[in-house]
Protein chains: 2
Amino acid sequence: MRDVAALAGVSIKTVSRVINGVPSVAPPLRDKVQKAIEQLDFQPNLAASNLRRAGHRTGQIALLLEDLSNPFSATLNRAVEDVARAHDTLVFAGSVAEDPRREVELARAFTLRRADGLVIVPATADQSYLHSEVRVGTPLVFVDRPPRGLVADSVLSTNTEGAARAVGQLADHGHERIAYLGDYATIVTAAQRFRGYEQEMARRGLRIDPRTVRHDLNDTATAAAAVTELLALEEPPTALFTSQNLVTIGAVTALRDLGLRHRVAVAGFDDFPLADLLDPAVTVVAQDVRRIGATAARLLFERIEGGDALPPRECLIPTRLIPRGSGEIRPPRDPRRG
Amino acid sequence: MRDVAALAGVSIKTVSRVINGVPSVAPPLRDKVQKAIEQLDFQPNLAASNLRRAGHRTGQIALLLEDLSNPFSATLNRAVEDVARAHDTLVFAGSVAEDPRREVELARAFTLRRADGLVIVPATADQSYLHSEVRVGTPLVFVDRPPRGLVADSVLSTNTEGAARAVGQLADHGHERIAYLGDYATIVTAAQRFRGYEQEMARRGLRIDPRTVRHDLNDTATAAAAVTELLALEEPPTALFTSQNLVTIGAVTALRDLGLRHRVAVAGFDDFPLADLLDPAVTVVAQDVRRIGATAARLLFERIEGGDALPPRECLIPTRLIPRGSGEIRPPRDPRRG
DNA sequence: TTGAAAGCGGTACCAT
DNA sequence: ATGGTACCGCTTTCAA
């Protein structure tokens, strides 16, 4: 900037004025400065300017995701980006990969760079490591899982209700032996979905056979194996409720391999691409991921821009049943009942 | 930092030493400083330190993508992130959404924040707007499409060869009337894939019926409509080469709706999730997106860290045919030939 | 309208 | 081993 000022024969301050578009600069001077800027390929250093500038916004927010490459995270990322863009803000995103240490590391790297706020899909059991951020006043919004060990805004799906809705759909189509296949029960969302399953089964007076409840499935292979086992039982389930999309895909794969895809009903939690192209198309309870992301970003910017005095908020984003076929398969007539 | 120094009763410089882990600080002093830091929730400002620090690396790189939420971009993002992490670097990513203006805007926002380098999937026809970055010495790597209007590293897929391979697979299974369905021919990659199609058809002495060549398809709906039209021709194609994954999905959808999914062969460029679960499973030529991303990041860091004196490089990442069934469907016997 | 000087939060150099 | 001081690149305050 000094060089630009020298080349243009003006003071450094005038250059600053030109860059910031302050109107009180004489046009001829302005042109000279502009030319000098181009000639020297000068690019102002935003970090340096923010150092002195009031407000201390950096125009950067951070996003801690499970894995940038999975559809849930990627969609969330995009939704947050769109809102951020409207606030002239850039987004840093990082994959936590379910590694609590990585979450702490990333959060620190982002706060060191003075992100104006953080949106977090937590992988840690406890987020009290963020206490100093809260005290300093950095806005925090939690997504998908509520915060533990501190108070902050959160945006969650209606997991329990959604799971109940999926189970209800299966029951409405005549199923009584409905299996549960889900992720680690220690994950809050998985636990809520399991609760939805239990509640709906109870509400309808249906018995849960403990042999048809399978937790700890977290990839397609283990899910497929579990389904294969379940269907080898003496009294196999006639319908499956899968509580996460990888589990759903694994289940569908297993049914196809067993030649049972048109015999056993499936309703899954979480939509996934091409669910409608499969045969049968897969019935799911979908989360509105874009809306979750947009809401989280909105809450964040309200705190960044508005007062920080707002009370902590919890937004519940409704889930939606999308019947496509697999959940509407009816059970075989039970020969014993004739 | 001043406050920390005051509270600990030491000079500001000692605080700086503690933060940077300089060994020449007496342990008792170090502890006092640490305590003061915690008590005040002090977080050093990385931007400020980089201002004075030598080397002027910010530990941030930027990534300009089509759309954060599409699988190609998301996978690329993750691959770049993994390499960046090994270099203690954070990633800014932004969606260009095929809007040239947005690309320029984003690039500027990132360079203003002093990104150490840029990885770009260009949407613009000409990237000469980046000339000043090149002159300043900011490393640039182009992905998927080569740079125009400036020289820089690039990482590309073997589009022509891959397309030829897909067409070859169809021809190997007896097809002669092979249709081409692709994106805007103005897109470099689409043009290359079309060339691969033309070359392979010529090499095998197969005639291209101009009515079965359809460009400008860029979503599933237009692709599906095009397929429906093609199959209504008097002499419909017996196989389809689709040059992009949305086109492939559209084509598959149309064939299903027409009840022809087991009659008409399809080979697509670009893999997509669940391609193997469809019926028939879809034969594709897959790009190695993770490797593309990792390579791009590697080239970038070589320039960031090593000399900038390297000549511009172009890396070609091979594509791979994955036969899954749809491309191996044989043509119906032609009644006119008996 | 323009400029000089102080300062943002930190580091580098040189004394001590 | 510790501290003083100039300085990074830019904005702010205030004077000219």
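Keep in mind it's a predicted model, so treat the numbers as computed, not measured.
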Gap between atoms [atom1] and [atom2], on [X] and [N] respectively (whole Å):
| X | N | atom1 | atom2 | value |
| --- | --- | --- | --- | --- |
| B:R57 | D:dC8 | CZ | C1' | 18 Å |
| A:I19 | D:dT11 | CD1 | C1' | 11 Å |
| B:L112 | D:dT11 | CG | P | 11 Å |
| A:D3 | D:dC10 | CG | P | 10 Å |

Residues that B:F92 engages under ring pair (Phe, Tyr, Trp, His ring centres under 6.0 Å), provided they are two or more places apart: A:F92, B:F110
Contacts of type ring pair (Phe, Tyr, Trp, His ring centres under 6.0 Å), residue B:F142, not counting sequence neighbours: none
Please write out the pairs of protein N or O atoms and N or O atoms of nucleotides 7-9 of chain C separated by less than 3.5 Å, giving the distance to one decimal.
from: C:dG7; atom 1: N2; to: A:R52; atom 2: NE; distance (Å): 3.4
from: C:dG7; atom 1: N3; to: A:R52; atom 2: NE; distance (Å): 3.1
from: C:dG9; atom 1: N2; to: B:A48; atom 2: O; distance (Å): 3.2

Pairwise salt bridge (charged side-chain N to carboxylate O under 4.0 Å, His left out) hits with a residue in residues 78-90 of chain A, at least two apart: A:R78-A:E81, A:R78-A:D82, A:R78-B:D67, A:E81-B:R102, A:D82-A:R290, A:R85-B:E105
Indicate every side-chain donor-acceptor pair of residues 15-32 of chain B with a distance under 3.5 Å to a residue at least two apart or in another chain.
from: B:N20; atom 1: ND2; to: B:S16; atom 2: O; distance (Å): 2.9

Least distance between heavy atoms, A:I61 atom then A:V80 atom: CD1-CG1, 3.8 Å
With [X] via salt bridge (charged side-chain N to carboxylate O under 4.0 Å, His left out) - residues at least two apart:
| X | value |
| --- | --- |
| A:R135 | B:D41 |
| A:D126 | none |
| A:E103 | none |
| B:R313 | B:D153, B:E302 |

Terminal axis angle for the helix from C:dT1-D:dA16 to C:dT16-D:dA1, five pairs an end, nearest 10 degrees: 30°
Mind listing the N/O atom pairs, protein and nucleotides 1-3 of chain D, below 3.5 Å?
from: D:dT2; atom 1: OP2; to: B:A26; atom 2: N; distance (Å): 2.7
from: D:dT2; atom 1: O4; to: B:R17; atom 2: NH2; distance (Å): 3.4
from: D:dG3; atom 1: OP2; to: B:S11; atom 2: N; distance (Å): 3.0
from: D:dG3; atom 1: OP2; to: B:S11; atom 2: OG; distance (Å): 3.2
from: D:dG3; atom 1: OP2; to: B:T14; atom 2: OG1; distance (Å): 2.4
from: D:dG3; atom 1: N7; to: B:R17; atom 2: NH1; distance (Å): 3.4
from: D:dG3; atom 1: O6; to: B:R17; atom 2: NH2; distance (Å): 3.0

Qualifying ring-ring contact (aromatic ring centres under 6.0 Å, His included) pairs with a residue from residues 21-41 of chain A, counting only residues at least two apart or across chains: none
